[in-house]
J.: 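Handing you a structure now.
Reminder, nothing fancy here: chain letters follow the sequence lines and each chain counts from 1.
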Amino acid sequence: MNFEMSEDRRMIADSLNRFLGDTYGIEHRTKVAYDAPFHDPEKWTQLADLGVLYALAGEGQGGYGGTGFDIMAVFEPLGRALCPEPVLPALMAARVLAAGDETANGAGTGTGTGAGIGPLLSGAVRYGVAIGEIEAPYGLEDIAAQAEAVDGGYRVSGRKSVVYGGHVADLFLVAARLGDTLAVFEVAARDCAVSGYGLIDGGGATEVFLDDAPARLVVADGAAALQDALDAGALALCAEALGVMDRAFALLLEYLKTRKQFGQTIGSFQALQHRTVDLATEIEQARSITILAASRMGTPDQSRTVSMAKNLIGRTARLIAEESIQMQGGIAMTWEYPSSHLAKRLVMIDHQLGDTDFHLERVMAAHQAA
Amino acid sequence: MNFEMSEDRRMIADSLNRFLGDTYGIEHRTKVAYDAPFHDPEKWTQLADLGVLYALAGEGQGGYGGTGFDIMAVFEPLGRALCPEPVLPALMAARVLAAGDETANGAGTGTGTGAGIGPLLSGAVRYGVAIGEIEAPYGLEDIAAQAEAVDGGYRVSGRKSVVYGGHVADLFLVAARLGDTLAVFEVAARDCAVSGYGLIDGGGATEVFLDDAPARLVVADGAAALQDALDAGALALCAEALGVMDRAFALLLEYLKTRKQFGQTIGSFQALQHRTVDLATEIEQARSITILAASRMGTPDQSRTVSMAKNLIGRTARLIAEESIQMQGGIAMTWEYPSSHLAKRLVMIDHQLGDTDFHLERVMAAHQAA
Amino acid sequence: MELSFSPEERAFRDDVRAFFTEKLPAEIVDKVRQGRELTKADMEHWHAILNARGWLANTWPKEYGGAAWTPVQRHIYEEESCMANAPQVVPFGIYMLGPVIMAFGNDRQKAEILPRILSGADWWCQGYSEPGAGSDLASLKTRAVRDGAHYVINGQKTWTTLGQHANKIFCLVRTSTDGKPQQGISFILVDMDTPGVEVRPIRLIEGGHEVNEVFFTDVRVPAENLVGEENQGWTIAKFLLSHERTSIAGVGYSVKALDQLKTLAKRQRRSGKRLIDNPLFAARLSEIEIDLEAMKITNLRMLSNAQKNGAPGLESSILKIKGTVIRQALNDLSRRALGPAAAPFPSEDLDGNAAPVPAEDRCHAATYFNNRKISIYGGSNEIQKNILSKAMLGL
Amino acid sequence: MELSFSPEERAFRDDVRAFFTEKLPAEIVDKVRQGRELTKADMEHWHAILNARGWLANTWPKEYGGAAWTPVQRHIYEEESCMANAPQVVPFGIYMLGPVIMAFGNDRQKAEILPRILSGADWWCQGYSEPGAGSDLASLKTRAVRDGAHYVINGQKTWTTLGQHANKIFCLVRTSTDGKPQQGISFILVDMDTPGVEVRPIRLIEGGHEVNEVFFTDVRVPAENLVGEENQGWTIAKFLLSHERTSIAGVGYSVKALDQLKTLAKRQRRSGKRLIDNPLFAARLSEIEIDLEAMKITNLRMLSNAQKNGAPGLESSILKIKGTVIRQALNDLSRRALGPAAAPFPSEDLDGNAAPVPAEDRCHAATYFNNRKISIYGGSNEIQKNILSKAMLGL
């Protein structure tokens, strides 16, 4: 039993923390996160140059990581810096492309990667992962986008909604029905109609309209690969949330210790003390469940444990967001003060890759099946 | 708009409060509530002599009340005194027997009352209302008890579970299937196997085993009458809970003002102050929803509003019970201190006539039907 | 017990409803319904319509051009206003300064100030809070020093709502440092165009501009702008805080928000079903509905008390606490109901086709974040609990 | 990161499991599983079995006949103990007095007292709390006055768990009223059969008898019964409070309770379905399951810290708070799962046929009420929050 990060991962996390701390301060972040292109292209290149993306893929794919704990090591610092760079779609795309590789080299239902995973890991090519739709926001069951084989290639039609990072993607990985199966296709951004927008918590996304768009088949029987990408993505969001929460809590604590009301520091009021202890407790619990989910990646319990983590993170993140605003009062309601942006991210993480209820229902289903 | 009780009802409530205050103190209550027959037969007679039961039926049935506000006026004082006398089954039986009267005098599907409602209202005859079963604890849909017409009469078979007050009942009103409809029958206690027991919160109940028991048909198409009895009963429990809560809260407040820890009254600790204010707020809300439900009795919104009330009462009562124990500490864990018995009643009311979830689902169903 | 309104009150409700149907401009309704910001012109327009009907200053006595409504009438108006998606009346002149002037102002002030509030000639804003003195008014630092026929004001106010539209501000200022901190405070009126007054916008969490900082640098104000006596400001502030709290529960907003949420939950789909058919969502919605049904009655009970006793009691703090909790819970559910589609930043750029939700539901996340304020301002819920604990429970 | 136990620790778990399978009497398992009270003989019997295996004093050093387990071994034992429905070790001699004697006792005390704890010759109970001094030990009033070779004790202790079975009691008593209230406290040992000691039962909320009041009237105790120095009692009390908190989360109990609840929810029926298929119930059960899965890891993380640093840190208060909340939530759900059948008073009279639930689920309501204590005793959750707020957060 050992709860310390390995040397390698601590190095990734440390270098990320240092890079983001030095160059991605909250003022810079707030400036770039809310104006097109809703991130900082130069910083993206530097981030990629740090080798961060290689930590998200296994050695077989040319990376040097790819485990649950690697994902934690990368995304917790991103969260702490409230970093709007589109690392999440890179992670998810790497998982899908890896599955494409495997099936292409194995049973032959995949067709292998086109550009290959290399340009993704180097940061040269950016992917958007286009799974969710307006009427199928979180799950794979109800995806309606359709593909058909045409002239030795494929064409895909449908609408994908709120594709994170899709506003700056070169390529999309698109989940679409091909006959009876859910397949994954690669579609060039120039072959779709995309309409990007900024997000309330910073960063950008896009609607993707596909109208007989020419497509390359990546995984023919893609449900498992997509689920794996969703699981990895959800775990990454949990880790990101831990980083955001830690920072939000630290700010709150500082405020409680310095701000005075009625001649006393606010932190001397017992009602707030008890609530603050509750927050600290829940943050410990959130960290624990994320560690558990990271440890279960690649095991048969992966999906269920990730759902547990995403549910608890969703509950806790909202609690931290709401309580940190309430206890700090008006100042935390302002754009100028970091707590407001941290709170927005904490709340909106629940709208990505399955909310608390969606994941709770997956945990419930496991009981009901038994 | 006027939220004061009418003169008549205040008189009932006042005389009940006086009678119970004078003769049913907590020590007496604790003595009789937990030992067979789990109530005080002498006090029952006195209670009936006060005319309390007449307030539970309308003038058409020989009573002088029977509205939602009459039910509140009677049951709130019963709750305040934590009174274990079996008044609830009398109320519910009166509703069913009244429906029997009406249908007998009207469309003719009922057969009228046997002994008549008179002996019930005078307290001379006690009814148990046997609706719930082990696999159908709260709702009418899944009742399995069966009746059949035999030799010009009826026979009923089945098991009824946790029939409140059934341990001292002379007669049972039994819900059972008669062909396609849910009918209500009257069965003499001597014709069933009954096995009484005490309850963890005081008072008594019984299992009722019916094995071809001879029965008199009271209402042939009885679902509406039974639902009305369940609604009236649930409203009575809400009012009872208000009485219990008020007393529990008063005890808590007194404790907070007098008990010292670390040299200060406990009530001077802000964390407890805020929690106490929350309790006061929820009690106001609980009173409001009960008033609303009382006002809707006899309207098409009766069932839905009673479900709202029972749900909110269930949530609030548990909160008051748990918080009053937690804030008073060890003393409230003891049998000798009234708070423990008040807390038990508050929690266990949720196990009678539909718990918070059962009633919430009825409110949900109304939305989903639309 | 009688929970319904009297025949006269029901007739009044019909009048109000008819008024909204006839007079409320459609383009304003759209903005309110969609949660978008109103312009200054929108608000002035609506005030003028209300004033033409004699309903702008609904709580003022008739002698000052008010409607002299009872608390119940005011309540009915507020309910209907929410249901009709009418804008709220900007409260600073009508509900705050007006009553203060009537209670503490001299005849000249009454004659000059009140008509200009009604006519819209003046837009008042409030200078109460200061950085470092949120809920703790007694610790305010903005100084007003008497200099001949003037006061000279130096300091800073914050959280000044809609100050960017105002030409006048009423302020609490420190005129003495003797005695208890509460004793040296005065209530004074300032023209915003006096040299030395500077307004700077504060951008809020969701990106909107509704509050401001107001800086005072050697601002010379005629001494007759004082309201009441010098150092009587604390009394006036308390008068204002205890005044007009019957609609503090925001029940009307919550009723409207629940309505909209139900519609939304029947339109949104999850796992091939309507969201309203998802039991976890429906349970949460129903619980809040129950809390709100109870709150409606709690509100009426306290209203009935206020009608009888002339003024709302401490219970108004209960309405504030629980009312804001319910409203925030509804905002939370509306945001969640949208799923990923809640995330886009509300913006005019998002044209109808590209946005993943219809216009009327595009601001739910922004509203959720913005409405975190309702449990903070006007005395945070924590302050309300402190008050109730002492004054109502005796702890 | 490595979340699993070492091969040695896993082998230890196998040993423990085999031991329970072989040695734990079936009639005791039944009582624990059904939530019924154990007799004194049951507890003594189980202690003797554990002692024969050398596991009774599992945290004691080997030189005193202990097993010298690591915190991880202790944790594994506790988990398996819960899963096997084994009784808990009665803590007063083994986990409380034993360590105190080893740390503060003299050689004579070590030689006399420790072996009699192991052999079961003595049953110790605890005299800490007093009426009017629950979580506030410093305010205790029971006096011990030196009189030659004796102390004369007068006063009253309360919440003395299983005191009805004990022949000895260790007490905190006031030996001085000089200085701070903490400074005048001493730790002393008393024979329960000394004249002037009287034990009176306290009946608890659910009807059970597990705690007592102990009255002291001119009780003469030999001065050599003092442990440590006179007025050193506060130091000893703090030592005890900070000792042995790794199993304070009660995770084992919760895991067992969740197991039992799942079985129950698959058996109970509501509206023609299994209760587990009711979404509201399943949601609540699943949320608690998630909290508990997190708590297991939180517990291991703190255990890992304790193993590394020698002693658990302040985080043990977090385990106490959240652990009790989870356990109480499970007790609550088990009670609810029974519906009306939760109501009958658990009693031997209720024969199998007449009771509406099987024996193993008959005590859920009683357990729910009884376990309200776990967030009160051993320093209430409020006290834990006060401690954490100051010591961990620096507020």
Side-chain angles (χ1 to χ4, degrees), chain A residues 34 132 134-139 141-142 159 161-162 164 193 195-203 205-207 209 259-263 269 271-272 318 321-322 325-337 339-341 343-344 347-348 350-353 355-358 360-361 364, chain C residues 129 131-136 138-139 158-159 181 202-209 211 268-273 278-281 284 328 332 335-336 338-347 349-351 353-357 365-366 368-370 372-373 375-377 380-383 385-386:
Chain A
Y34 297 100
I134 289 178
E135 301 218 332
Y138 297 134
E141 299 78 11
D142 303 299
R159 174 183 183 169
S161 191
V162 198
Y164 280 81
S195 127
Y197 41 74
L199 301 173
I200 194 157
D201 54 333
T206 190
E207 302 295 292
F209 299 88
R259 162 80 184 212
K260 291 194 172 183
Q261 202 171 50
F262 305 109
F269 291 107
L272 301 193
R318 179 160 84 95
E322 294 184 352
I325 292 178
Q326 183 68 29
M327 290 201 250
Q328 292 180 89
I331 185 81
M333 286 291 300
T334 67
W335 189 270
E336 255 182 292
Y337 192 68
S339 283
S340 66
H341 300 284
K344 280 190 288 185
V347 169
M348 297 312 292
D350 202 44
H351 292 252
Q352 273 179 276
L353 305 184
D355 67 7
T356 46
D357 282 353
F358 174 84
L360 187 62
E361 285 175 338
M364 288 157 57
Chain C
S129 297
S135 297
D136 179 15
S139 72
T158 191
W159 309 128
I202 296 174
R203 198 176 180 195
L204 285 187
I205 181 168
E206 87 294 352
H209 173 204
V211 291
Q268 290 292 105
R269 298 187 76 79
R270 285 280 194 295
S271 311
K273 292 186 300 190
N278 176 298
L280 303 191
F281 195 88
R284 226 171 260 122
Q328 291 176 334
D332 173 53
R335 172 181 56 67
R336 290 197 208 190
L338 290 178
F345 202 109
S347 133
D349 302 345
L350 262 188
D351 78 34
N353 194 30
V357 280
Y368 163 84
F369 288 114
N370 181 274
R372 302 314 307 170
K373 75 187 175 197
S375 51
I376 296 172
Y377 68 16
S380 71
N381 283 11
E382 287 75 15
I383 298 285
K385 288 182 189 181
N386 288 345

J.: At a heavy-atom distance under 4.5 Å, which candidate from Asn370(C), Asp332(C), Leu338(C) has the highest pair count against chain A?
T.: Asp332(C)
J.: For Tyr164(A) and Ala343(C), which heavy atoms make the closest approach, and how far apart are they?
T.: OH-CB, 3.6 Å
J.: Got Val357(C) and Ile134(A) here, is their nearest side-chain heavy-atom distance under 4.5 Å?
T.: no
J.: Can you say whether Tyr34(A) sits under 4.5 Å from chain C via the side chain, the backbone, both, or neither, judging by heavy atoms?
T.: side chain
J.: Contact part of Ser340(A) toward chain C, heavy-atom cut-off under 4.5 Å: side chain, backbone, both or neither?
T.: both
J.: For chain C, find which of Met364(A), Glu336(A), Glu322(A) contributes the most heavy-atom pairs closer than 4.5 angstrom.
T.: Glu322(A)
J.: Pick one of side chain, backbone, both or neither for Met327(A), based on which atoms fall under 4.5 Å of a heavy atom in chain C.
T.: neither
J.: Could you tell me whether the side chain of Arg335(C) reaches within less than 4.5 Å of the side chain of Val347(A), counting heavy atoms only?
T.: yes
J.: Measure Asp357(A) against the heavy atoms of chain C and call it side chain, backbone, both or neither at under 4.5 Å.
T.: both
J.: Just how far is it from atom OG of Ser347(C) to atom CD1 of Ile200(A), taken to the nearest 0.5 Å?
T.: 11.5 Å
J.: Ile331(A) and Trp159(C): which non-hydrogen atoms are nearest, and at how many Å?
T.: N-CZ2, 3.6 Å
J.: With a 4.5 angstrom heavy-atom cut-off, could you sort out which part of Asn278(C) is near chain A: side chain, backbone, both or neither?
T.: side chain
J.: Please flag which part of Pro346(C) lies under 4.5 Å from any non-hydrogen atom of chain A: side chain, backbone, both or neither.
T.: side chain
J.: Where does Thr356(A) contact chain C at under 4.5 Å (heavy atoms): side chain, backbone, both or neither?
T.: side chain
J.: Is Phe369(C) close to Met348(A) at the side-chain level, that is, under 4.5 Å between some pair of heavy atoms?
T.: yes
J.: Go through Pro137(A), Ser195(A), Gly203(A) and name the one with the most non-hydrogen pairs under 4.5 angstrom from chain C.
T.: Pro137(A)
J.: Can you tell me which portion of Ile202(C) sits under 4.5 Å from chain A's heavy atoms? Options are side chain, backbone, both or neither.
T.: side chain
J.: Taking all atoms of both residues into account, what is the closest heavy-atom pair of His351(A) and Gly339(C), and its distance?
T.: ND1-O, 2.7 Å
J.: Starting from the C-alpha separation in whole Å, work towards a yes-or-no answer on salt bridge (Lys or Arg N to Asp or Glu O under 4.0 Å) for Arg269(C) and Asp142(A).
T.: CA-CA 10 Å; Arg269(C) 298 187 76 79; Asp142(A) 303 299; over 6 Å; no
J.: What is the minimum heavy-atom distance between Asp355(A) and Arg336(C), and which atoms define it?
T.: OD2-O, 4.4 Å
J.: How far does CZ of Phe262(A) sit from OG of Ser139(C), to the nearest 0.5 angstrom?
T.: 8.0 Å
J.: Shortest non-hydrogen contact from Trp335(A) to Glu206(C)?
T.: CZ3-C, 4.3 Å
J.: Identify which of Pro279(C), Ala341(C), Ser271(C) forms the greatest number of heavy-atom pairs closer than 4.5 Å to chain A.
T.: Ser271(C)
J.: Looking at Gly263(A), Ala343(A), Gly329(A), Ala271(A), which makes the most heavy-atom pairs under 4.5 Å with chain C?
T.: Gly329(A)
J.: Sort Glu135(A) into side chain, backbone, both or neither according to what part of it lies under 4.5 angstrom from a heavy atom of chain C.
T.: both
J.: Is it the side chain or the backbone of Leu360(A) that comes within 4.5 Å of chain C heavy atoms, both, or neither?
T.: side chain
J.: Is chain C contacted by the side chain of Thr334(A), its backbone, both, or neither, given a heavy-atom distance below 4.5 Å?
T.: both
J.: Output, in order, the C-alpha distance, side-chain angles, deciding distance and verdict of side chain to side chain contact (heavy atoms under 4.5 Å, CB included) for Phe358(A) and Arg270(C).
T.: CA-CA 9 Å; Phe358(A) 174 84; Arg270(C) 285 280 194 295; over 6 Å; no
J.: With chain C, which of Ala332(A), Ser161(A), Gly330(A) has the greatest number of heavy-atom pairs at distances under 4.5 Å?
T.: Gly330(A)
J.: Identify the heavy atoms of Asn381(C) and Gln326(A) that sit nearest to each other, and give their distance.
T.: N-NE2, 4.2 Å
J.: Using non-hydrogen atoms only, which part of Phe269(A) is less than 4.5 Å away from chain C: side chain, backbone, both, or neither?
T.: neither
J.: Are the side chains of Pro356(C) and Tyr197(A) in touch, meaning some heavy atoms are under 4.5 Å apart?
T.: yes
J.: What option among Leu280(C), Val211(C), Asn386(C) has the most heavy-atom pairs under 4.5 Å with chain A?
T.: Leu280(C)
J.: Go through the atoms of Tyr377(C) and report whether side chain, backbone, both or neither lie under 4.5 Å from a heavy atom of chain A.
T.: neither
